Each structure stands twice: as structure tokens, then as C-alpha cells.
Amino acid sequence: MPGYISPPDPAAYRQKVWALVRQIPAGQVATYGQIAALIPPPSGMDPHSYLSLGARWVGSAMASCPEDVPWQRVINSQGKISLSNPRAAQEQRTLLESEGILFDAHDRIDLSRYRWQSP
DNA sequence: GTTGTGACATCGC
DNA sequence: CGCGATGCCACAA
């Protein structure tokens, strides 16, 4: 799949991602693209490609995050869980439901209702 | 040195 | 409204 280039400074990028995710209140969610949009694109990169690449950088950053990061609150733009691993996906859903977030018949979350209004 | 493999967003049918 | 194709590279084993 992927066209996938790493950020100029992967370590620093991950830190920014985690810092933002930690700000998402319980009971609310944010999309990968939303998180990426809150982080300044590397200078010289065109905004259009950052839109999709940044989202994936956020994704890979979430793949290895500290315990204190509410990783379950980050989903894709379709309002669905983006984990391929069935076990992990089920766990994420359970965690979100325990925070009061409801899933519709298509396993989707109503973003217009639960999306985090980021600053 | 090769090979497999990705926590996405968007656009077209 | 939903499923499928596209973009096209770094990194671990």
C-alpha cells in the first residue's frame, strides 16, 4: 500500500503526536488526520501531500506509544477503528464504549457527535 | 542484500 | 452510501 516516507525527525514527531493525543478528553475521539493537522508540516513540504502522509505518520507513532497515552481515542476519518489486528480492534472498541461512545450498525462512530473540538 | 509490510485520506463507481 | 483502487517508501527480520 503505501507511499510512506518518515518524518525528518521521527522521534520528535512521535512526541508531538503523543502530547496531542493525551489532550483528548475521555468520551471524545480524534482522527489521524486531525492530529496531523495540529502539527506543523516540515518546511518545504507541500500541504497536500502532508495531509495523507501526516496521517500515516500519526498512525505509526501510535503503533508504539507510552502507557499514559489514550491511544483508543484516535480513529480514521470514516469514524472507524483502523486496527488490522482483530484482538486489538476489539479492545479499542471496548475501551471506547466504556467511555460512553456508541457505535452504529456499521461499526462506525458518529464523528459529528464525538469528535474532539481541538483548539 | 532481499523481502514483507504497514493505527490513512480521498476520489471514483 | 459503501466498497475498491491510488499514492509509492522506510524499516525490521
Side-chain angles (χ1 to χ4, degrees):
Chain A
M1 321 209 109
Y4 201 46
I5 61 182
S6 301
D9 187 342
Y13 196 86
R14 282 199 297 270
Q15 294 296 329
K16 292 181 181 178
V17 171
W18 298 334
L20 286 170
V21 175
R22 273 188 275 254
Q23 290 178 49
I24 304 174
Q28 290 183 49
V29 297
T31 66
Y32 296 96
Q34 183 182 354
I35 298 299
L38 293 174
I39 299 175
S43 58
M45 170 184 249
D46 81 280
H48 187 282
S49 54
Y50 176 69
L51 190 65
S52 62
L53 285 178
R56 286 190 298 206
W57 292 349
V58 171
S60 59
M62 297 309 293
S64 61
C65 68
E67 298 292 332
D68 64 321
V69 175
W71 57 274
Q72 73 275 22
R73 296 175 196 152
V74 185
I75 60 180
N76 63 34
S77 67
Q78 302 170 72
K80 296 196 295 188
I81 287 176
S82 200
L83 296 176
S84 53
N85 181 307
R87 283 265 310 153
Q90 178 55 55
E91 185 186 341
Q92 176 167 21
R93 175 168 180 151
T94 301
L95 284 171
L96 292 175
E97 291 179 323
S98 70
E99 292 183 2
I101 293 177
L102 302 176
F103 286 74
D104 66 14
H106 299 289
D107 299 313
R108 288 189 294 98
I109 290 174
D110 184 353
L111 286 175
S112 66
R113 198 162 69 169
Y114 299 107
R115 184 194 283 275
W116 173 45
Q117 299 305 115
S118 47

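Since the model is a prediction, treat every value here as computed from it, not as a measurement. Reminder, nothing fancy here: chain letters follow the sequence lines and each chain counts from 1. The figures here come from the full heavy-atom set of this structure, side chains too, leaving out hydrogens, waters and symmetry mates.
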Hey, are the side chains of [X] and [Y] touching, using non-hydrogen atoms and a 4.5 Å cut-off?
X	Y	value
A:Ile75	A:Lys80	no
A:Val58	A:Gln34	no
A:Gln23	A:Ser118	no
A:Ile81	A:Phe103	yes
A:Asp68	A:Trp18	no

Legend entry - Within residues 6-35 of chain A, residues whose heavy atoms come under 4.0 Å of DNA chain C: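 Hits under 4.0 Å, by residue number: A:Ser6.
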
Inset, instruction - Describe the nucleic acid contact of A:Trp57 in one word from base, sugar-phosphate, nothing, applying a heavy-atom distance below 4.0 Å. - result: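 Nothing, no heavy atom under 4.0 Å.
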
Inset, instruction - Report which part of the nucleic acid A:Arg73 touches: base, sugar-phosphate, or nothing (heavy-atom distance under 4.0 Å, all strands). - result: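 Nothing: the residue A:Arg73, judged by heavy atoms under 4.0 Å, touches no strand.
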
Inset, instruction - Output yes when at least one side-chain N/O atom of A:Arg108 is less than 4.0 Å from OP1 or OP2 of C:dG2, else no. - result: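 So the side chain of A:Arg108 is within the cut-off, an N or O lying under 4.0 Å from OP1 or OP2 of C:dG2.
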
Inset, instruction - Indicate whether OP1 or OP2 belonging to C:dG7 is found under 4.0 Å from a side-chain N or O atom of A:Ser52. - result: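 It does not, given that no N or O in the side chain of A:Ser52 lies less than 4.0 Å from OP1 or OP2 of C:dG7.
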
Inset, instruction - Could you give the distance separating C:dA10 and B:dG1 at their C1' atoms, to the nearest angstrom? - result: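 Going atom to atom, C1' in each nucleotide, I get 16 Å.
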
Legend entry - Between B:dT5 and C:dC8 - P atom distance, rounded Å: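 Taking atom P in both C:dC8 and B:dT5, they lie 22 Å apart.
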
Distance, rounded to the nearest Å, where [X] contributes [atom1] and [N] contributes [atom2]:
X	N	atom1	atom2	answer
A:Asp46	B:dA9	CG	P	17 Å
A:Asp107	C:dC1	CG	C1'	16 Å
A:Met45	C:dG7	CE	C1'	13 Å
A:Leu51	C:dC8	CG	P	14 Å
A:Gln78	B:dT10	CD	C1'	9 Å
A:Arg56	B:dT5	CZ	P	17 Å
A:Tyr50	B:dC8	OH	P	15 Å
A:Ile81	B:dC8	CD1	P	13 Å

Inset, instruction - Give a yes or no on whether A:Val21 and A:Leu38 share a hydrophobic cluster (residues Ile, Leu, Val, Met, Phe, Trp, Tyr; joining criterion: side-chain heavy atoms under 4.5 Å apart). - result: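 Looking at the clustering, A:Leu38 is in the same group as A:Val21.
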
Legend entry - A:Val74 backbone acceptor or donor facing A:Gln92 side chain under 3.5 Å: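 Flag set: sc A:Gln92 to bb A:Val74 pair under 3.5 Å.
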
